[in-house]
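Some notes on the structure that comes next.
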Amino acid sequence: MCIPFLRDYDVQPAASDLYRGALRLVLVLLHDFPEFLSGHYFSLCDVVPPNCVQLRNIILSAFPPSILLPDPYLRNVKFDSIPDMGPVPPILSDFSSGLRDDLRNYLDQYLFNRGTPSFLPSLMDQLKLPGVTGESAETYNLPLINSLVMFIGVSSVAQAKARSGSSLFNPTDPGVVALEYLATNLDAEGQHHLLVSIGLHLRYPNAHTHWFSSLVLHLFLEVKDNRFQEIVTTTLLERFIVHRPHPWGALVTFIELLRNPKYDFWHKDFVKVAPEVTVILERVARSIPPQS
């Protein structure tokens, strides 16, 4: 398998050939068996290195043939009013297997309002690999972060549906509070890994896409840190500077961030720091029709 050879950015020619072969194989699956990719997306993306953005994009662009993707620019349509945002998507991966039993028990108690936020600092410490030195290439346990983020999101959506029959995002839910705590207190590397993990769930219209898209926008607004907002922008933008396909949920989230004046995106300092980034963002902005 080519995955171990792709973790470094200096990829050897043989690994590049294997990677191109993997891209072609996954494109065939996307065309002929999209239900397989959409059902197993978590397990697949969990083993694909984060720097393989195009491969992840192909996996995350899969959706059931019964669904008709809405226009990502949402002309004359409100995000919450899209009918397909209601159903919970089928998940065929055991996404909780990366959580130790004690950690899962703590999370269950906390998410059901039977615990206290006092365990959040220890949760943040558990995300780092043990015995890591300052020179190590990898500091964080990425499979654990992926499992944690998905466990919190899935549990939060399930509880919201149990309460009101809908998957409406509630910023005061314990799951949102936990992820906002991590987003606020992790270092830049940890914030990047957290946001990349959240971005795995910005897929086709469904309840999970709705919740995680709302989470990204909420964090951009509430975490009062210019560096964090820059990382949010980077993790979204890197999804669109590779060849298509681009996941529908990531497109909708990024367009909303650029277009909605509530987020005051164009007045952020980082937008003007690098001219080449400014050009890309402005080009994207020109393609976005104004919301009526």
Side-chain angles (χ1 to χ4, degrees), residues 38-39 41-42 45-46 56 59-64 67 69-70 72 74 77-93 95-96 98-99 104 107-108 110-113 120 123 145-184 191 193-223 228 232 235-236 239 246-257 260 262-263:
S38 64
Y41 80 98
F42 178 81
C45 288
D46 201 32
R56 282 189 166 190
I59 296 169
L60 299 176
S61 295
F63 60 92
I67 290 181
L69 290 184
L74 299 181
V77 178
K78 293 294 184 182
F79 186 67
D80 294 335
S81 66
I82 299 173
D84 289 322
M85 283 298 192
V88 173
I91 305 296
L92 304 180
S93 303
F95 56 87
S96 63
L99 302 174
R104 180 170 178 173
L107 283 172
D108 278 331
Y110 174 75
L111 295 174
F112 282 94
N113 286 310
L120 292 179
L123 172 64
I145 292 176
N146 289 340
S147 293
L148 174 71
V149 167
M150 186 163 189
F151 186 85
I152 290 176
V154 169
S155 298
S156 298
V157 170
Q159 290 180 55
K161 280 190 166 292
R163 286 195 305 265
S164 61
S166 71
S167 57
L168 290 178
F169 178 85
N170 185 348
T172 63
D173 279 347
V176 179
V177 173
L179 292 175
E180 186 174 339
Y181 176 87
L182 294 177
T184 303
Q191 290 174 334
H193 291 317
L194 179 72
L195 289 165
V196 168
S197 182
I198 292 172
L200 297 181
H201 311 290
L202 303 177
R203 304 189 295 145
Y204 65 91
N206 61 63
H208 292 166
T209 295
H210 177 271
W211 194 88
F212 280 103
S213 177
S214 301
L215 174 67
V216 172
L217 297 172
H218 169 77
L219 293 178
F220 187 90
L221 196 62
E222 295 300 323
V223 179
F228 176 79
V232 172
T235 56
L236 287 172
R239 305 286 292 276
H246 302 137
W248 180 89
L251 274 171
V252 168
T253 305
F254 196 44
I255 290 170
E256 178 69 9
L257 186 62
N260 194 327
K262 176 173 70 173
Y263 303 108

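Counting begins at 1 with the first residue of the sequence.
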Nearest 0.5 Å, what's the [atom1]-[atom2] distance between [X] and [Y]?
X	Y	atom1	atom2	value
His208	Leu200	NE2	CG	13.5 Å
Arg104	Ser155	CZ	OG	8.0 Å
Ile145	Leu182	CD1	CG	8.5 Å
Leu257	Phe220	CG	CZ	4.5 Å
Ile198	Trp211	CD1	CH2	7.5 Å

Does a side-chain heavy-atom distance below 4.5 Å link [X] with [Y]?
X	Y	answer
Thr253	Phe212	no
Asn260	Leu217	no
Val216	Phe254	no
Arg203	Pro89	yes
Arg56	Val196	yes
Val176	Ser156	no
Phe95	Asp46	no
Pro171	Glu222	no

For Leu194, the option from Thr235, Val149, Leu148 that meets side-chain contact (heavy atoms from CB on, under 4.5 Å) = Val149

Minimum heavy-atom separation for [X] to [Y], with atom names?
X	Y	result
Leu219	Phe228	O-CE2, 3.6 Å
Cys45	Leu60	SG-CD2, 3.7 Å
Phe151	Leu111	CE2-CD1, 4.0 Å
His246	Ser61	C-OG, 3.5 Å
Gly199	Arg239	O-NH1, 3.2 Å
Leu236	Ala250	CD2-O, 4.4 Å

Partner residues of Tyr41 under the ring-ring contact (aromatic ring centres under 6.0 Å, His included) criterion, sequence neighbours left out = His201

ask   = Mind checking what makes ring-ring contact (aromatic ring centres under 6.0 Å, His included) contact with Phe63, not counting sequence neighbours?
value = none

request  = May I ask you to decide if Tyr204's main-chain N or O and Thr209's side chain share a donor-acceptor pair within less than 3.5 Å?
outcome  = yes

task = May I ask you to decide if Ser213's main-chain N or O and Glu256's side chain share a donor-acceptor pair within less than 3.5 Å?
result =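 Absent.
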
remark   = Residues at least two apart in sequence or cross-chain that pass side-chain hydrogen bond (donor to acceptor under 3.5 Å, both in side chains) with Ser197, listed by chain then number, are Asn146

